[in-house]
Every structure is written in C-alpha cells, then in structure tokens.
Amino acid sequence: MGRESLSICSPRGNRCSMAAAMTVTRFAPSPTGMLHIGGARTALFSWLYARHRAGRFILRIEDTDRERSTAEAVGVILDGMQWLGLAADEGPYYQTQRFLRYREAVSALLASGLAYRCYCSKEELERMRAEQIARKEKPRYDGRCRDRAAPRAGIDPVVRFRNPLDGEVIVDDLVHGRVVFQNRELDDLIIARSDGTPTYNFCVVVDDMDMRITHVIRGDDHLNNTPRQINMLRALGGEPPAYAHLPMILGADGAKLSKRHGAVSVLQYREEGYLPEALLNYLARLGWSHGDQELFTLEELVAAFDIRDVNKSAAAFNPDKLLWVNQQHLMRAPLARLAPLLGAQLARLGIECRDDPLLEGVAALQRERARTMREMAEASRYFFLPRVELEEKAARKHLGPEGAAALARVRERLQSLPVWSAEPIHRALAELAAELGAGLGTVAQPLRVAVSGGAVSPPIDATVALIGRERVLDRIDRALEWTQRAGERGGQSP
RNA sequence: GCUCCCUUCGUCUAGAGGCCUAGGACAUAGCCCUCUCAAGGCUGUAACACGGGUUCGAAUCCCGUAGGGAGCGCCA
C-alpha cells in the first residue's frame, strides 16, 4: 500500500517535495439540480480526507452541459456547502470558463494522432447501436472513422479519443482494491461535440491534471469511467491520481434514493431543524466507521477519517437514525447556538420572539425531548405565547373537580412564594402533595395543563419558573375558569 | 445483452483464519428511574445470501450459483 504517492514523486523516486506531496482532493458537482444527500456525502469524504492529510480541497463546478446547468443550481450548491461548513480551499472553478484550455488539449491530441475527427451522423450512430443491441452485443462505437483521411462534406465532425485497442488498464482503487479493465471493452469516446464544446469525461481529465488532484474521491457510478479517463490522462502526458470510489446511498426502502428521503436539497434539512454537524456525522457513518463510535464532532471526524476504512457496499439512508444523531448533537450543542435557531423556527410558526431572553432556557429544557429544532419549536409555543388554549382531552382528564381543588391550592402557594425559581417551586409542590397525601403528579398534572395547555412539558418546576409568576398565576386562573364552566356545562359532578 | 461492482441482525456497521456462544448503534419489545414527555440505565427479539472447496480450524481465503447495483449518450 501507499502507492498512491508514486505518481507525484520525483522521477528518481527518492524524495517528494513538500508541494508535490500535498494531498489535493476535489468535489465536482454538476449544477443540474440540488446538492442532495449523496452529493453532500461525496463532498464530505473529499473534504475530510483533505483535512485529515492537511491538504487542499477544491470545488469545481462541472457546467459543460449548458442546456441543463443553471445559475440557480450553482447558488444552491454553494449555499449547501456553506451551511454544511465544507469550505473549499480553492475555487469554485467553472468548466465553462476553461473552454480555451480544453480546446487546446483537444488540438494537441488531434495533432499527435491520439484523437481523430468522426463524421458519423447521429442517425448512423443510432443505427449502429440498434444493430449491436439486436445482436446482443454491448453498444459501442466501432471506430469506422479512425482511419478516415478526408472530411465529409456538410457534416461538422466530433472529435473522438483514440482508445488503445488492446492491453488493460489497472485501477488500484482505494476502496475497491485492484480493478482490471480490458481496453477492448472500451470504445472511442467523444471528447468534443460537433459544435466544438468539450464533453464531461475529457474536461474531468484535463482539470484533474491541471489542478494537480492527487485523490479523486467520487461515487462508484464513475468506476466504469475511470479506465477511459486514465487512458486520456496518459495520452495528455499526465500520471493518474489515486482513485477512491464511494458506495452509493440508497433510499430507506433499499431502492434508489428518492424524493421521499434524501433526494432533496441539503438545505431542506436546515429548514427542518437539523444541525449541519449532525447531518455530517450521520453521513460520515454511511459507508464509513471507526470502531463502535457513533457520535463524532467535526474535529473527531477529521482526526479519525481514513479513506481505507470506507466500505464497498451501498448503504440505505435511515431517517430514524439521523433523527437520533441530531438529537444527540442538540444535547451537546452550546445553548447560545440553539437559541437563535429556536427563535427562527418559532418565527416560522408565527411566533415572533427573536431576542427573547427565554430562548436559551427553553432550549435547555427541550433539547432532550426534541429531535429537531422544528420539533422543539412546535413543543415550545406556550413559553412564548401570552396565553394558552387548553387541550380538551388533557383538561378533562386533569382539571376535574379534584384537579381544580389541587390547582387552587397550588395557586396560593405559588403566589406567596418568596423566591421564584425551580427549587423552591419544587419544594412547594412537594409539600402540598404531601399535605394532600398524594403523589407529586396529583398537583403537577393540573398545573402542567394550566400552564402549557397540554399534558406534556419539561419538569413542571423548571417550566413554571421559566414562564414567570405573573403568567403562571394568570394561566391558573383561566384554567380554574374553564373548570367552572365545564362543571356548569356538565351539570352532574362525579 | 455485454463489462464492472456489491452481498454480516429490518437499517448503519464491528469483524483482516482460532479472541465469534458473531460485538456496537438506530428501530422494536419489556423492565428500572419518574410529576407528564423525554433523556438515561438494564434486559430481550434479530444477521454471516446459497453451494462447493482450501485448512486441524472460515463470517474471514479460493471457485461457482443466486440476488442487487452501476456503466454501455454529441448527459454529467
């Protein structure tokens, strides 16, 4: 092992210069859609590897397909990378801005005979393909223009790479191990379209060479492209980088990644209240592991990550586990970080509480009972609303005559409490329960319903303390009113 | 169809010939803690795709089979 440094060592092979030895990785998305879970994971692994090796990470936008590439998609990718915190050391580079360079490279291959012009029409190629399929052969270009000397009138030619006819290409993949391809299985692919624009496989090769990429880390759907790229790279006088082909990510159903889960913009996860470091943590554990460790900080990931520990097989995206990982990160995050996120999520619910001093306190109480910031906000409305609406079911259960009686006495106690904080509140409630010869729940549940509107909240002492005496007493009064009305409505009492 | 890749609990994975009666995590079931809900703790259910070899010994090595995936574009 350790052969991935071979190509960047000096010809004498005895010493690598510092600059040459530096690891350079890249993430090269095409801006034809969102930055989704799969792309984010690829970016993460490239980024982690560069960071782990104290190298550089380059962002390159592969926008040679002008039909499908959009500026919006570029923006979404950039935003997504930024939110995730996967900062590039270089770039973004845009392939559309390097067309001159590609043209030059095509010309060089043409001049040296390693590429040739092909005058076959699209119809001709389609016919060829149909015939091959009919014969149960692999559809491929048969090289009929390889030795054509004269142009064909009226046809703008494409340029094809002259792939070697025999021999083999060996890919020593960092995750798959040695993979051998026969050149006879490969055909002469188009490197420049009839309008002169270069194609993907060619641009990748030129760019990876020019940018001195040492490690190409990408999805294993590209494994089959690799031998062609190596052949082209060599034709251009380059030396192949190391390759690492990552397994794909599948949807939760084990099928292809679908819109249902994963195939949406990573920014969707921000909106739903996931922490970027949690998403990264989860993604890292898809196809990679470090012993039994499940939870990682970014720093721990950088320190522990090695491409050699990456699995070969595809992994299914598991939303439940992501939720768990997110909660674990919520429980560990600084409250000062959570507070504004909670404020933003509440704002989405129509509750304006931007700089509410309660935010941090609420986050502290709720973070172990919410899996996302969205959930936290949804469960925390009553902390910020002036009044609460009682849930019918909870009120009927806990605010009957007995509950109301307990609640009335709770009110007295709380009103006269000298110090308004969780401990004295807890003591007061405990004493009252003891007086009533009942458990804490007997006083806590009616109070909980009065104060939160429902039967679920963080510990009642802390909740009550946070909401404040004035509001708490007011809510108790309103709850007692409700009880009275219910009694009148119901007529007979138990 | 051809080429290439992949295959351990439902899911993510540990496992590099004896430490495996196959470990951890999510999910799931039960119990504990408990003012509700959580969080946390404990316990349980649950896997080496199949068949041949090699070896004293295989989840681990080899060969087949089956299943899944990717690629085969003037898309990336």
Side-chain angles (χ1 to χ4, degrees), chain A residues 28-32 62-65 67-69 95 118 120 122 125-126 129 132-141 156-160 171 173 176 179-182 184-187 189-195 197 199-201 203-204 219-227 245 247-248 250 252 254-256 282 285-295 311-325 327-328 331 365-371 379 394 398 426 429-430 433 439-449 452 454-461 463:
Chain A
S30 63
T32 53
E62 313 224 313
D63 54 355
T64 52
D65 182 1
E67 304 271 300
R68 299 197 300 151
S69 298
Q95 291 189 322
C118 167
C120 295
K122 289 186 182 179
L125 294 174
E126 260 169 48
R129 188 166 313 144
Q132 287 164 332
I133 290 171
R135 269 182 269 131
K136 296 191 189 301
E137 288 171 13
K138 176 197 257 186
R140 55 203 289 282
Y141 181 64
D156 290 327
V158 299
V159 179
R160 288 183 186 272
V171 180
D173 192 274
H176 287 276
V179 184
V180 181
F181 296 88
Q182 298 302 317
R184 47 182 297 275
E185 294 293 337
L186 274 24
D187 65 355
L189 77 165
I190 293 172
I191 59 177
R193 304 183 179 95
S194 46
D195 67 0
T197 59
T199 57
Y200 164 77
N201 269 299
C203 296
V204 167
D220 66 11
D221 48 339
H222 287 289
L223 184 53
N224 286 301
N225 286 330
T226 306
H245 287 95
M248 309 259 78
L250 273 25
K256 214 162 56 179
Y282 174 72
R285 282 287 288 98
L286 233 39
W288 174 83
S289 62
H290 185 64
D292 285 340
Q293 189 170 353
E294 297 286 351
L295 268 7
N311 280 161
K312 300 175 182 192
S313 52
F317 183 81
N318 184 337
D320 280 334
K321 187 150 184 181
L322 204 212
L323 245 11
W324 176 79
V325 171
Q327 176 167 41
Q328 294 300 315
M331 292 192 293
L365 290 181
Q366 297 280 229
R367 60 158 137 202
E368 62 191 29
R369 45 202 114 233
R371 297 175 302 176
H398 299 290
H426 184 267
L429 295 179
L440 231 198
T442 309
V443 294
Q445 280 308 88
L447 178 57
R448 173 169 280 119
V449 175
S452 75
V456 173
S457 87
I460 195 61
D461 46 4
T463 302

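None of these values were measured; they are calculated from a predicted model. Hydrogens, waters and symmetry mates play no part in the numbers below; they use all other heavy atoms, side chains included. All chains are named by letter (A, B, ...) in the order of the sequence lines, taking the proteins before the strands, and each is independently numbered beginning at 1.
To the nearest 0.5 Å, the span separating CD on Gln327(A) from CZ on Arg367(A) amounts to 11.0 Å. The line from NE2 of His426(A) to CD1 of Ile460(A) is 11.0 Å long, rounded to the nearest 0.5 Å.
No side-chain donor-acceptor contact under 3.5 Å links Ser313(A) and Asn311(A).
Nucleotide U54(B) is matched to nothing when pairs are restricted to Watson-Crick or G-U wobble geometry with both distances under 3.5 angstrom.
Residue pairs meeting the salt bridge (charged side-chain N to carboxylate O under 4.0 Å, His left out) criterion with at least one member in residues 313-322 of chain A, sequence neighbours excluded, are Glu294(A)-Lys321(A).
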- Query: When every nucleotide of nucleotides 21-30 of chain B is labelled 5' to 3' by its protein contacts under 4.0 Å (heavy atoms), B for base, S for sugar-phosphate only, - for none, what sequence of letters results?
  - Reply: --BBBSS---
- Could you encode protein contacts along nucleotides 62-76 of chain B as a string, one character per nucleotide from 5' to 3', using B for base contact, S for sugar-phosphate-only contact and - for no contact, with a heavy-atom cut-off of under 4.0 Å? --------BBBSBBB
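A search for ring-ring contact (aromatic ring centres under 6.0 Å, His included) contacts involving Tyr141(A) returns nothing, not counting sequence neighbours. With sequence neighbours excluded, no residue forms a ring-ring contact (aromatic ring centres under 6.0 Å, His included) with His176(A). Evaluation of the side-chain contact (heavy atoms from CB on, under 4.5 Å) rule for Ile190(A) yields Val158(A), Arg160(A), Thr199(A) as partners, not counting sequence neighbours.
A distance of about 15 Å separates the C1' atoms of G17(B) and C48(B), rounded to the whole Å. Atom name C1', nucleotides A39(B) and C33(B): the rounded distance is 11 Å, in whole Å.
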